[in-house]
Engineer: 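Below are the structure tokens for one structure; questions will follow.
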Amino acid sequence: MACLIGATMCGIGLGVVFNCNGSTGGTNIIAAIIHKYHDVTLGRMIMACDVVIISSCYFIFNDWRRVIFGFVTLFVIGFVLDYIVNGARQSVQFFIFSKEYEKIADRITKETHRGVTILDGIGWYSKHNVKVLVVLTYKRQSVEIFRLVKDINPNAFISQSSVIGVYGEGFDKLKGK
């Protein structure tokens, strides 16, 4: 139990440190550098670096229990770290259908500092031309977008979906593989 709780707390701490662009030293620096230039999660890089270190523990102590506890701790830290770091970067995509699309687009741009793309569409049921707003934003801004749209047009049709990665201006930089 101590192994799991300690590893969870360690993963949370590392997640907070990495979200603030910091480092705790050691193998975390190697993981942060590789993560900066390649599309590999921080948790996986820390695991890859530390597997060798934990495995070598057997040659010193001749005790498989310590190695197993080390691996359990390592995997829990990696999982929690990735959850914390990726949770802060989760993005969502909105499709907003409204006759008040210009007002909504202006307010989204001014108040959330997010770009809006307007697409032309045809409502197949009504056979009318419609404008569709496409907005990509961080998940933490979702409530703000919903309130903003509701203030302008409470009858607007909104679709929100999670997206795996958003790269470009205002989001993560595109990394080469």
Side-chain angles (χ1 to χ4, degrees), residues 1-95 108-117 133-148 159-177:
M1 220 35 204
C3 178
L4 294 176
I5 293 170
T8 301
M9 291 171 59
C10 185
I12 290 169
L14 285 172
V16 170
V17 168
F18 280 125
N19 279 340
C20 296
N21 294 322
S23 174
T24 61
T27 57
N28 297 343
I29 293 173
I30 297 167
I33 290 170
I34 293 172
H35 173 72
K36 183 176 181 178
Y37 296 106
H38 298 286
D39 195 21
V40 181
T41 67
L42 287 167
R44 286 186 186 166
M45 276 315 308
I46 288 174
M47 279 191 256
C49 293
D50 288 348
V51 159
V52 175
I53 295 167
I54 292 171
S55 297
S56 66
C57 175
Y58 177 75
F59 299 112
I60 295 169
F61 297 108
N62 290 324
D63 184 8
W64 281 109
R65 286 183 44 197
R66 290 181 190 207
V67 174
I68 291 170
F69 280 125
F71 283 136
V72 169
T73 302
L74 178 64
F75 290 122
V76 171
I77 288 171
F79 177 79
V80 173
L81 172 62
D82 284 343
Y83 182 79
I84 298 293
V85 170
N86 293 334
R89 295 181 181 161
Q90 281 186 335
S91 299
V92 293
Q93 176 177 281
F94 286 96
F95 288 118
I108 288 173
T109 304
K110 289 177 187 170
E111 294 179 23
T112 66
H113 306 290
R114 287 291 165 201
V116 178
T117 302
L133 303 178
V134 179
V135 181
L136 291 166
T137 185
Y138 288 115
K139 190 173 184 176
R140 63 180 177 265
Q141 292 179 301
S142 295
V143 173
E144 188 178 0
I145 299 284
F146 278 112
R147 285 184 183 151
L148 191 144
S159 169
Q160 175 187 1
S161 58
S162 294
V163 291
I164 293 174
V166 179
Y167 302 96
E169 190 173 337
F171 293 94
D172 290 337
K173 291 181 181 179
L174 191 60
K175 299 176 184 175
K177 291 187 177 185

Engineer: At what distance, to the nearest 0.5 angstrom, does CG of Asp50 lie from CE of Met45?
Structural biologist: 10.0 Å
Engineer: OG/Ser23 to CZ/Phe18 distance, rounded to the nearest 0.5 angstrom?
Structural biologist: 5.5 Å
Engineer: Would you give the length of the straight line joining atom CG of Leu74 to atom CD1 of Ile46, rounded to the nearest 0.5 angstrom?
Structural biologist: 8.5 Å
Engineer: State the CG-SG distance between Asn62 and Cys57, to the nearest 0.5 angstrom.
Structural biologist: 9.5 Å
Engineer: Sequence neighbours excluded, which residues qualify as side chain to side chain contact (heavy atoms under 4.5 Å, CB included) partners of Val80?
Structural biologist: Thr8, Ile12, Val76, Ile84
Engineer: Got a second to check how far Glu144's CD is from Arg114's CZ, nearest 0.5 Å?
Structural biologist: 10.0 Å
Engineer: Within the supplied structure, the quantity of interest is the number of heavy atoms (other residues, nucleotides, ligands) at a distance under 6.0 Å from Phe71 CZ; does it exceed 12?
Structural biologist: yes
Engineer: Step by step, would you call Thr112 with Thr137 a side chain to side chain contact (heavy atoms under 4.5 Å, CB included)?
Structural biologist: CA-CA 9 Å; Thr112 66; Thr137 185; 5.7 Å; no
Engineer: If you count the non-hydrogen atoms of other residues, nucleotides and ligands that lie under 6.0 Å from CZ in Phe79, is the total more than 12?
Structural biologist: no
Engineer: Ring pair (Phe, Tyr, Trp, His ring centres under 6.0 Å) with Tyr58: which residues, sequence neighbours excluded?
Structural biologist: Trp64
Engineer: Taking all non-hydrogen atoms of both residues into account, name the closest pair between Leu148 and Ile108 and its distance.
Structural biologist: CD2-CG1, 3.5 Å
Engineer: Return the minimal non-hydrogen interatomic distance between Met47 and Gly78, and the atom names on each side.
Structural biologist: CE-CA, 3.9 Å
Engineer: What distance do Arg66 atom CZ and Thr73 atom OG1 have between them, rounded to the nearest 0.5 Å?
Structural biologist: 13.0 Å
Engineer: Determine the minimum heavy-atom distance between Cys49 and Ile30, stating which atoms define it.
Structural biologist: SG-CG2, 3.8 Å
Engineer: Heavy-atom distance under 4.5 Å between the side chains of Phe95 and Leu133, does that happen here?
Structural biologist: no
